[in-house]
Amino acid sequence: MEINSECSKEAIEFVQELNHTKREPLKYFVRSYGCQQNFADSERIAGLLELMGCAEAANVTESDIIIFNTCGVRHTANERVFGNIGALKLLKRKNKALIIGVCGCMVEQQGVADGILKRFSFVNMVFGTNLIHMLPEFIFRVITKKEKILQTKLNDEIFEGLPVKRSVGPICQIPIMYGCDNFCSYCVVPYVRGRERSREPEHIIAEVKEAIAQNKKEILLLGQNVNSYGKGLAEDINFAKLLQMVAELKGDFRIRFLTSHPKDMSDELLEVIAKNKKICRHIHLPLQSGSNEVLKNMNRNYTREKYLELIDKIKAKLPGCSLSSDIIVGFPGETRQDFEQTLELIKQVEFAFLFMFLFSKRPGTAAEKLPDIVPNSLKKAWFAELVKLQEEIGAKKHREQIGKEKLVLPDHFKAENGKIVLVGKCDQNFLVEFEGTESMVNEFTRVKITKAHRRSLWGQII
Ligand code: SAH
Ligand code: SF4
């Protein structure tokens, strides 16, 4: 396999040889924090390590190489990573040859990479989100020259052809684009993942075909804003066209995608979803706030009226389609009236699932400088109010599924009272459990919903 530089080739061969001569190959452990994009990156990190002849470890304790792929979207994620890196000190003391790497969004934030190396002198490598392809070289330099690696240059290239070690189970995540150009005022992603760039459709299609051949049953197309896919490519393509191409591929699989930005969701896309059964009837459409004033300050480029118009269109064109969203509570300057507008919109739309976040000030973002006068205690009270409202709506949406037929893709089973219970998602993304046999894992199964819990459904095989 060719990975862009001579140095990588030499590095890969060196580690391969090393693993060959050892009684046991070097064992690696990759821990992902954050979003699906990070998980997809981790699958490439693991792919490179396997290519070098390393073997996956069951846990950090028995690893020779530990990689933490971090998230920087919210402050709490940073804190968790710091705690977990600190805990590795003991392992390093026991095993001086242990190689520890930290990569991902957090290390691209100003001052963080340096800070990690200063605070945790036992870390060997810190590298940025767009440098995964250089991992073999970094490991080579750590082993042969005892170098400390600190490389976080954000470049906007796409490195195709990296090996991927897909996680077990029926779901396969495929990035269709990288970075983001939207600069929502609260968000660190454009700064840590670089400018938006789309993969060539033929590379995406090739990867989807490969996944289907590997018996993957759910293709999850990933991008920070999939609706703007194709910008900058020579070919006349957009997300609707790409989705149509994927849906036309032969095989027993279904398609999901994440994330749609409301400002760019086209009628053409809804048409494509409507006419293709393989595309799941679930749309995640982050709202963030129901107040026009807050949306403007967030630089979201839509109003609550436009958002509601879009929801009406989805409901009309895709009957039965479930909806989910993201909400930020306590954005700088948000008033009680603003927050109530969010509550009201949520009652109107009735999302089946809602991901709720307390605003977190991120370094380098525009919102970092906005005056923030709402006391934390009040933000937390609003947050609790929102959670309570969504509990009721979510439970109602689950109850509405009783009596309906679902196509469920179980990804695991559990033994309960001597019975085998399959667990998986249906088309509309509800979690469904039903009694069956072990062999049903990874197989689409028709189920009739007989009971609803707050966050899951119970069904019977039809
Ligand atoms: N590109 C996607 C996902 C971005 S991150 C999108 O545009 O929806 C996922 C979610 O994290 C966002 O939708 C937002 O709700 C939340 N988020 C991002 N930055 C945040 C911040 N600084 N504070 C709180 N929540 C944040
Ligand atoms: Fe962040 Fe906005 Fe881009 Fe999503 S669309 S990644 S919230 S800047």
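Quantities reported herein were computed from a predicted structural model and do not represent experimental measurements. Atoms within a ligand are numbered from 1 in the order they appear, just like the ligands themselves.
- Between Glu334 and Ser291, the side chains place no donor N or O within less than 3.5 Å of an acceptor N or O (distance only, hydrogens not considered).
- From the protein, the heavy atom lying nearest to atom 24 (C) of ligand 1 is Leu358 O, 3.4 Å.
- For ligand 1, the polar-atom distance check against Thr259 finds no nitrogen or oxygen pair separated by under 3.5 Å.
- The distance from ligand 2 to the heavy atoms of Cys180 drops below 4.0 Å at these ligand atoms: 3 (Fe), 5 (S), 6 (S), 8 (S).
- The part of Val189 lying near ligand 2 is the side chain, judged by heavy-atom distances below 4.0 Å.
- Remark: the backbone N or O of Gly169 is not paired with any side-chain donor or acceptor of Asp411 at under 3.5 angstrom.
- Summary of contacts: the protein heavy atom closest to atom 22 (N) of ligand 1 is Ser360 O, 2.8 Å.
- Looking at ligand 1, you'll find an N or O of Gln224 within less than 3.5 Å of one of its N or O atoms.
- We find that Glu309 and Lys306 are joined by a salt bridge, their nearest charged nitrogen and carboxylate oxygen being less than 4.0 Å apart.
- Residue Tyr186 touches ligand 2 through its side chain alone, judged by heavy-atom distances below 4.0 Å.
- Under 4.0 angstrom from ligand 1, the non-hydrogen atoms of Pro286 all belong to its side chain.
- Ring-centre distance between His284 and Phe353: not below the 6.0 Å cut-off.
- A salt bridge links Arg336 with Glu340; the closest basic N to acidic carboxylate O contact falls under 4.0 Å.
- Using a 4.0 Å heavy-atom cutoff, Arg300 is listed among the residues neighbouring ligand 2.
- Where the criterion is an N or O separation shorter than 3.5 Å, residue side chain and backbone included, Gln288 meets it with respect to ligand 1.
- Residue contacts with ligand 1, taken as heavy atom pairs separated by less than 4.0 Å, involve Phe357 solely via side-chain atoms from C-beta onward.
- Side-chain contact check for Ser185 and Asn299: no donor-acceptor pair (N or O, by modelled atom type) lies under 3.5 Å.
- At a cut-off of 2.8 Å, Cys184 coordinates atom 2 (Fe) of ligand 2 through an N, O or S atom.
- If you number the atoms of ligand 2 from 1 as listed, the ones under 4.0 Å from a heavy atom of His261 come out as 5 (S).
- The protein heavy atom nearest to atom 5 (S) of ligand 1 is Val73 CG1, 4.2 Å.
- In the model, Glu157 has no side-chain atom that pairs as donor or acceptor with a side-chain atom of Asn130 under 3.5 Å.
- Scanning all protein heavy atoms for the shortest distance to atom 19 (N) of ligand 1 gives Tyr186 CD1, 3.3 Å.
- Taking the side chain as every heavy atom from C-beta outward, Arg455 and Leu431 never approach each other to under 4.5 Å.
- Ligand 1 has no nitrogen or oxygen under 3.5 angstrom from a nitrogen or oxygen of Asn225.
- Remark: distances from the non-hydrogen atoms of Asn182 to ligand 1 are all 4.0 Å or more.
- For atom 9 (C) of ligand 1, the closest heavy atom belonging to the protein is Asp326 OD2, 3.8 Å.
- Of the inter-residue distances, the one linking Lys209 atom NZ with Gln214 atom CD reads 14.5 Å to the nearest 0.5 angstrom.
- Near Phe183, the atoms of ligand 2 lying under 4.0 angstrom from a non-hydrogen atom of the residue are 8 (S).
- Taking the six-membered ring for Trp and the full ring otherwise, the centers of His282 and Phe430 sit at least 6.0 Å from each other.
- How far CD1 of Ile45 is from CD1 of Ile132: 4.5 Å, rounded to the nearest 0.5 Å.
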Full working for side-chain hydrogen bond (donor to acceptor under 3.5 Å, both in side chains) between Ser228 and Glu196:
CA-CA 9 Å; Ser228 69; Glu196 179 184 295; 2.9 Å; yes
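- No donor-acceptor pair closer than 3.5 Å links the side chain of Arg399 to the backbone N or O of His453.
- When the heavy-atom distances from atom 11 (O) of ligand 1 to Arg74, Gln37, Arg300 are ranked, the shortest goes to Arg74.
- Annotation: atom 5 (S) of ligand 2 to nearest protein heavy atom, Asn182 ND2, 3.4 Å.
- The closest approach between His261 and ligand 1 stays at or above 4.0 Å for every heavy atom of the residue.
- Within the set Met298, Gln37, Gln224, Arg193, the minimum heavy-atom distance to atom 6 (S) of ligand 2 is found for Gln224.
- The distance from ligand 2 to the heavy atoms of Pro190 drops below 4.0 Å at these ligand atoms: 8 (S).
- You'll find the ring centres of Phe359 and Tyr186 outside the 6.0 Å limit.
- A salt bridge is absent between Asp181 and Arg197: the closest approach of a Lys/Arg side-chain nitrogen to an acidic carboxylate oxygen does not fall below 4.0 angstrom.
- Contact annotation: for Pro286 versus ligand 2, there are no heavy atoms closer than 4.0 Å.
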